[in-house]
Amino acid sequence: MMLPERYDPKNRELFWLSVWEKNNTYKFDSSTKKELFTIDTPPPTLSGMMHIGHSYSYSQTDFVARFQRMLGKEVFYPFGTDDNGLPTERLVEKLKGVKSSEMSRSDFVSLCLKTLNELHPSFVGDWKRLGISCDFNILYSTIDDHSRRISQRSFVELWNSGRCYRKESPTIWCPECQTAISQVELKDNVLKSQFVNLKFGLESGGNILIATTRPEMLPACVGIFVHPDDSRYKNLVGKRARVPLFKHFVTIRADPRASMVKGTGIVMCCTFGDQTDIEWFKAHNLELKIAITRDGKMTEIAGAYAGLKIMIARKKIVEDLKSAGLVDGLKDIEHSVNVHERCNTEIEIIQSKQWFIKYLDLKEKFLEQGRKINWYPEYMRSRLENWINGLQWDWCISRQRHFGIPFPVWYCVKCDEPIVASAKKLPVDPLETGCPVKKCSKCGYSKFVPEKDVLDTWATSSLTPRISTELFKGKPIFKKLYPMTLRPQAHDIISFWLFNTLVKSFLHDNILPWNDAAISGWLLAPTGEKMSKSKGNVISPQVLMEQYSADALRYLAASSKLGEDMPFQEKMLVTGTKTITKIFNAIKFSVPNLGAYDGVKPSKFSIVDSWALSKLQHVIEASTESFLVYEYSKSLREVDSYFWQIFCDNYLEIVKDRFYNKNNYSDDEIVSAQFTLYHLTLSILKLYAPFLPHITEEAYHFFHSGKENVDSIHRTSWPVVNKRFFDKESEECGDVLVDILSVVRKFKSNKHVSLKTPVKELHIHCEDLHKELIGKIEKELKSSTYSEKIVFSKNVDTPCDRFAIEVGVVLGQSSPISSLPS
RNA sequence: GGGCCUAUGGUCUAGUGGUUAUGACGUCUCCUUUACACGGAGAAGGUCCCCAGUUCGAAUCUGGGUAGGCCCACCA
């Protein structure tokens, strides 16, 4: 076979992608008898393109998938896209220039579906281009009928088991998106605000001061609290105060939730400013006064301010308070506030009817489940526990949005009793399908209205282990697929996706969704900060794959430790590219010298061959162990250092002479070299294959594929340690050779002469034990140092690194050396 | 305020009780050798964040600082 001069990743990577696709190289065999390795692939949110964080974390999972496949397991590696709910709505609104609030639900939904269909092929194409070895036929979307059925079924089951409830209660609300959201969708933003001290007039005369950052909540003020132990204010308890500007009276009460040290120590309670307000409201049976509408404006109770947006109302009210002399101190502050993570809008707490999954009573069980998972790295579990311990709300699963999976629910017009669809009739959209019952079982009335709300996207994506595996429902393998082996994901969504999946599996099946959780880190901007569009520091993986190669991008992803963030550095792509080139060249050199290799073992191995083979066993052992616990970067490091330092820099240099000057060697020595070279190159390619699937496939087909009779390196078996190759004596012997070689190279380098400069006499001083070893490798020592003669003498000046051996070099040449070209 | 993680030559990084402290990039010197100059051989460059302790011995273990990051809570 004529080997190309250079490796052209741009063409060859695409070539191999098409070959893999044609040959179904990564197809999951559902009739397999092999051990299974099942992966709960994260479904990326369908946006225009894969971003660099995706290329980073999906590569890491792919290393594991390819390794496990080579280990001989049948890898179940599906691919899904998450494409419903708010992120998708925002994407479609942006791309199509529409507003969902100005469209009918059915029009908007069909526009969403149409847009998703347009985006899907090139979006998924990016993952394929990166060489991700999913079986892309095991494909799902969290909005398709299959997912709808499973998601709605989950709701129905939880309703039947009493875990779902619908209740009018204070709910976290985003005025911008105009929907209820859940605790997990909150994040902190530091915003500028004003801290205002307000004068409340006591009914009995005099004033008290109350500090607030939200004076616009005054119309909804329903109570005032002081701490029961606060001696300053004991006399106030039971009295009434007049709310400034709005002039209604509220009662002052004692409650331990009021802090003595915050603000003035007197706090007002409004329905609802924050979480504590809800607690007071419930504990003291306070009146409900709603000051803020669902779209973030003031209600009628705000009187003159009704209809104004919150921020405008706040400003006006402060001005009016000031001019009325009701403000005693005002300062600008920065404080962190809860905002909706999708749109950065400050959230409100609004009284509304929502669906919840009741789970606060199960915190202990969830902690228990979390402890049963094998976490990689181990410490990531504490993030889950931290989250569970901090849970304060049941899971609100209803969203007042258009594009999502509908609740399969109707309500009796008369008594509001929910009628939930039968699990057999799913999926269903109640807006399009009539209520399945004729009469309300509670009141007998016969008119119903459909639920308009849709499910939280996490209520669906938390079912991915069911969604992907149920694609095989009805086949014998189905039962074996779930629970799954591995959940790979990044650390930022432990409290979302990981926790929610744990919850659903527990509630439905009382099992763990997977045995292992491997948590990856983030690829950061070169400066060490998060990449984000707003900072303008986003790097495109598509451009990098074009400029370098998919393999190089994967190499970068392999260099970070599991779970740790890593700053992006372009030089890693250069290092990856160099490795790719080196592999190509090393194999290109080896192949012609393997010409006569026919699989026959030599009757005796040359020592240098045993040295390289023995060292290889250590690498296989360490690399495999690391891979089994998802420490792919350690695995790569092992292979890298063996390949560069032992194989290329030394073994190949030493063994060359046997190919160039065959006459100086016995047949056994030649056969030994060929066998060893074949074995080493094949093993190296296999060890690199999970990381660099394209170049290893390319190089494998130069020669090895013909001997191995397996049409892809990715279908060959992972190297196993062959204990017979462990050879301590040869290892030491080879190390001695390399050490002496290194001294000679150093000498020549210092003399500024070529490493090929002949050595007239190589003087060595050492113990008898080493003399014996050196005798065994004399031929290799002479050829690799270009020495004419080896002399044991005390005429030496340089010690070796690792051994008690000293070396002296006499340059020059008394007669032509046979191994040099003329 | 709580939890967790991190701190190693200019940069990134390996290293869970004894190493001359790893490798890569960068810098400098040399070598154009029939796999590769996207290569090879060398060199320079480190108070392993600080303090205390455990130990014969600490980059590594313990405690206390300092700095950074992530998650959570508070947000009167």
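Letters A, B, ... mirror the listed sequences (proteins, then strands); counts begin at 1.
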Would you say A:Gln392 places a side-chain N or O within less than 4.0 Å of OP1 or OP2 belonging to B:C74?
yes
Of the nucleotides B:C12, B:C71, B:C74, which has the atom closest to the A:Lys530 side chain?
B:C71
Identify which one of A:Phe702, A:Phe647, A:Tyr597 satisfies the side-chain contact (heavy atoms from CB on, under 4.5 Å) criterion when paired with A:Ser590.
A:Phe647
Side-chain contact check for A:Asp649: nearest option of B:G42, B:C74, B:G40 is B:G40
Please determine whether any donor N or O and acceptor N or O are separated by less than 3.5 Å between the side chain of A:Thr581 and the base of B:C38.
yes
Respond yes when some side-chain nitrogen or oxygen of A:Lys561 is under 4.0 Å from OP1 or OP2 of B:G15, and no when none is.
yes
Protein within reach of the bases, or only the backbone? For nucleotides 17-31 of chain B, mark each nucleotide 5' to 3' as B, S or -, using heavy atoms under 4.0 Å.
---B---BB---SSS
Reckon A:Thr213 has a side-chain N or O less than 4.0 Å from the OP1 or OP2 of B:A76?
yes
Should A:Lys656 be listed as having a side-chain N or O under 4.0 Å from OP1 or OP2 of B:A35?
yes
Given B:A35, B:G15, B:C74, which nucleotide is nearest the side-chain atoms of A:Cys648?
B:A35
Is RNA chain B part of any stem, that is, at least 3 consecutive Watson-Crick or G-U pairs with both distances under 3.5 Å, and where?
B:1-7 with B:66-72, B:10-12 with B:23-25, B:27-31 with B:39-43, B:49-53 with B:61-65
Could you tell me whether A:Ala211 contacts a base, only the sugar-phosphate backbone, or nothing, with contacts defined as non-hydrogen atoms closer than 4.0 Å?
sugar-phosphate
State whether A:Lys582 places a side-chain N or O below 4.0 Å from either non-bridging phosphate oxygen (OP1 or OP2) of B:G40.
yes
Would you classify A:Ser259 as touching base, sugar-phosphate or nothing, given that sugar-phosphate means primed atoms plus P, OP1 and OP2, and contacts are heavy atoms under 4.0 Å?
base
Candidate nucleotides B:A76, B:U6, B:C72, ranked by approach to the side chain of A:Trp387 - the nearest:
B:C72
base_contact_polar (B:C4 base, A:Asn386 side chain, donor-acceptor, <3.5 Å)
no
